[in-house]
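Data block below; observations after.
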Number of protein chains: 2
Amino acid sequence: MRDAELPDIRQLPLFRTMAEANFATVTRAAYDQTFPAQVQLIDEGATADFLHIVIEGSVELFAGWQGRETTLAVLRPVSTFILAACIRDAPYLMSARTLEKTRVILVPSVDLRAVFRIDPEFAMATITELAACYRSVVRHTKDLKLRSARERLAAYILKQARTAPNGVSFLLPIEKRLLASFLGITPESLSRAMKSLQEVGAKVDGQRIIITDRRALEAVAHPTPLIDGPDHEGLTAGLELPEAGVDGLVRPEDFALSGRT
Amino acid sequence: MRDAELPDIRQLPLFRTMAEANFATVTRAAYDQTFPAQVQLIDEGATADFLHIVIEGSVELFAGWQGRETTLAVLRPVSTFILAACIRDAPYLMSARTLEKTRVILVPSVDLRAVFRIDPEFAMATITELAACYRSVVRHTKDLKLRSARERLAAYILKQARTAPNGVSFLLPIEKRLLASFLGITPESLSRAMKSLQEVGAKVDGQRIIITDRRALEAVAHPTPLIDGPDHEGLTAGLELPEAGVDGLVRPEDFALSGRT
DNA sequence: GCAACGGCTTGATCTGCGTCAATTCCCGTC
DNA sequence: GACGGGAATTGACGCAGATCAAGCCGTTGC
């Protein structure tokens with residue numbers, strides 16, 4: 001694989017603290033690949049041979065059953081995903097596809113497992129990472145089970161706005177149909193929920209959301225760190241991404257799970 | 001704390017492989033306590049000072065928001081819970097209460113964090129444990145997002161039956177209102193769903209479920225290891241519990257998350 | 001023995017969200 | 001600037017599951 005992105009990967013919480021030699025071992029065995037949009041990278045049920053790292057572009061994690069399909073996360077650079085499956089040497093529970101032209105790095109899970117047996121720092125980083133992932137899914141589950149569709153949307157909008165510099169206006173980082181799927185509803189329902197929130201403090205114009213009455217929105221969403229995050233010690237990989245979000249820029253950070261999977 | 005249960009704890013996947021000295025350190029600082037039914041052990045939002053281990057009885061993990069409440073898991077001996085919060089030194093995302101007279105062991109999370117920094121075996125066990133927990137919640141989320149209430153119930157029944165020795169008849173290990181909450185529906189809806197499944201292969205008589213037509217049930221639930229588990233390498237703590245489940249005995253194992261949390 | 005209390009069931013009704021179908025909007029392409 | 005195709009919206013309608021309100025039944029306590 002090319003060396004250009006090594007520093008980026010090295011900066012990931014997962015790899016930041018490990019010994020240089022071990023980092024070299026892991027990355028030497030890895031290789032990177034660029035895919036066009038809409039390519040399925042992972043098929044749920046397949047065995048987890050590689051840890052994936054998104055370097056450029058974006059990746060959707062989703063799962064299907066009986067012809068239905070649901071989005072579980074959308075990842076942007078630089079994040080890793082399907083760590084848990086690699087560790088357990090078990091079948092992936094999710095599928096993954098590129099949403100646009102995307103470059104990913106593939107780390108053989110064999111090497112991964114070998115290294116965190118001998119590198120305590122890496123083991124610690126893995127533990128922290130997994131705990132974060134776990135808490136992220138728990139939050140999502142609570143969101144689904146405790147809130148209505150409208151409440152989930154309001155909470156999502158407030159959460160996105162929180163990461164935008166001005167705090168009131170931002171562009172949706174993903175297509176609405178994906179957001180709908182992530183929120184566990186249909187695109188039609190999302191559309192109607194959006195409309196209903198316009199009378200309550202969230203102006204919608206295409207991809208742009210403008211919060212006109214935060215209080216009113218909060219009265220619907222009742223945001224809480226116990227559902228909407230973030231974990232108090234800050235995000236992980238998603239945070240690496242500096243980039244703005246000023247009016248006019250799309251925020252490239254994760255919209256879903258706190259970091260990766 | 002008393003020493004009688006040390007061997008049980010030592011046998012947990014989480015503690016099985018660690019060095020004896022470190023196990024002693026962890027358990028020396030721990031203490032155990034017995035609570036009556038319906039005592040709240042953990043309040044979500046509080047900081048995670050202790051890893052909990054259920055020794056006797058049973059514990060419900062749940063979460064609330066705006067007066068609503070949902071069950072996320074029910075744990076039986078011997079299982080640990082809220083490991084992730086301890087690791088991240090973060091607020092609990094779930095509350096916990098005893099369902100009956102219950103004995104738990106409390107391990108200060110400070111000691112825990114200290115030990116897996118120095119004991120690679122324990123770090124490995126923690127990684128495996130967390131990965132299992134993570135996959136368990138992902139499955140639950142897929143269940144909720146991809147299946148209808150009726151389908152979830154059918155899948156649950158098949159899953160329970162799978163663990164029963166004769167494979168066709170078992171007693172519900174928990175109250176129906178808890179099962180309903182876990183499945184994300186109301187008790188009334190559960191009751192109606194049960195009734196509707198009687199015409200499809202699952203006879204219900206109080207706590208007893210008898211599968212009369214597995215094929216028909218499977219046609220509703222379409223069970224798959226990618227949602228219903230188990231992870232191919234087998235369960236963890238839940239499995240420690242041998243005990244039967246023969247017609248007439250209640251199965252004491254977890255009904256919810258694969259092991260603990 | 002009976003009363004009281006929770007859990008479970010059943011019925012009637014309501015409603016949030018899904019489904020189906022028809023436009024309309026947006027964006028890239030020719 | 002017209003065309004094509006997928007995304008988004010809108011409307012009409014249906015249904016799964018929630019809510020509200022009795023009643024039932026098994027357990028606990030006096």
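Quick caveat, the model's predicted, so the values are computed rather than measured. Below, chains carry the letters A, B, ... as their sequence lines are ordered, and counting in each starts from 1.
Listed by residue number, the members of residues 194-207 of chain B with any heavy atom below 4.0 angstrom from DNA chain D form an empty set.
At a cut-off of 3.5 angstrom, counting only N and O atoms as typed in the model, there is a donor on one side and an acceptor on the other between the side-chain of A:Glu188 and the base of C:dC20. Residue side chain A:Arg177 does not reach the base of D:dG6 through any donor-acceptor N/O pair under 3.5 Å, judged by distance alone.
Residues A:Arg135 and B:Ala84 approach most closely at CG-CB, 4.2 Å, considering heavy atoms. Residues A:Leu179 and A:Leu153 approach most closely at CD2-CD1, 4.3 Å, considering heavy atoms.
Protein atom CG of B:Leu146 is 13 Å distant from nucleotide atom P of C:dG18, rounded to whole Å. Between the CD atom of A:Glu175 and the C1' atom of C:dC27 there is a distance of 12 Å, given to the nearest Å. The CG-C1' distance, from B:Leu144 to D:dA16, rounds to 15 Å in whole Å. The distance from atom CD of B:Gln38 to atom P of C:dG6 is 11 Å, rounded to the nearest whole Å. Between B:Arg208 atom CZ and C:dC8 atom P there is a gap of 16 Å when expressed in whole angstrom units. Computed from coordinates, the A:Leu183 CG to D:dA8 P distance equals 13 Å when rounded to whole Å. Between the CD1 atom of B:Ile209 and the C1' atom of C:dC8 there is a distance of 13 Å, given to the nearest Å. Whole-Å rounding puts the A:Lys176 NZ to C:dT24 C1' distance at 13 Å.
Among D:dA8, C:dC17, D:dG17, the nucleotide with an atom closest to any side-chain atom of A:Ile185 is C:dC17.
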Output one letter per nucleotide in nucleotides 24-29 of chain D: B when a protein non-hydrogen atom lies under 4.0 Å from the base, S when only the sugar-phosphate is that close, - when neither is.
------

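In this structure, A:Thr186 reaches the C:dG18 phosphate: one of its side-chain N or O atoms is under 4.0 Å from OP1 or OP2. A close approach under 4.0 Å does not occur between any side-chain nitrogen or oxygen of B:Ser189 and OP1 or OP2 of D:dG17.
Between A:Leu61 and A:Tyr92, the closest side-chain pair of non-hydrogen atoms is not below 4.5 Å. The closest side-chain heavy-atom distance from B:His140 to A:Thr141 is below 4.5 Å. A 4.5 Å side-chain heavy-atom check between A:Ile211 and A:Leu158 finds at least one atom pair inside the cut-off. Counting heavy atoms from C-beta outward, B:Ser181 and B:Thr70 have side chains that approach closer than 4.5 Å.
Between the two ends of the helix from C:dG1-D:dC30 to C:dC30-D:dG1, each summarised by a five-pair axis, the helix axis turns through 40° (rounded to 10 degrees).
Remark: side-chain polar atoms of A:Trp65 are paired, donor with acceptor, to backbone N or O of B:His222 under 3.5 angstrom.
Electrostatic pairing of A:Asp228 and A:Arg147 counts as a salt bridge here, judged by a charged N lying under 4.0 Å from a carboxylate O.
Residues forming a side-chain hydrogen bond (donor to acceptor under 3.5 Å, both in side chains) with A:Gln33 (at least two apart in sequence, or on another chain): none. In terms of the ring pair (Phe, Tyr, Trp, His ring centres under 6.0 Å) criterion, A:Phe35 has no residue partners (sequence neighbours excluded).
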Please list every donor-acceptor pair under 3.5 Å in which a side-chain atom of residues 183-195 of chain B meets a protein atom from a residue at least two apart or in another chain.
| residue | atom | partner | partner atom | Å |
| --- | --- | --- | --- | --- |
| B:Thr186 | OG1 | B:Ser189 | N | 3.2 |
| B:Thr186 | OG1 | B:Ser189 | OG | 3.1 |

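In terms of position along DNA chain C, the nucleotide closest to B:Leu190 lies nearer the 5' end than the nucleotide closest to the other residue of the pair B:Leu190 and A:Arg192.
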Stepwise side-chain contact (heavy atoms from CB on, under 4.5 Å) test for A:Asp32 and A:Ile53:
CA-CA 9 Å; A:Asp32 78 323; A:Ile53 309 174; over 6 Å; no

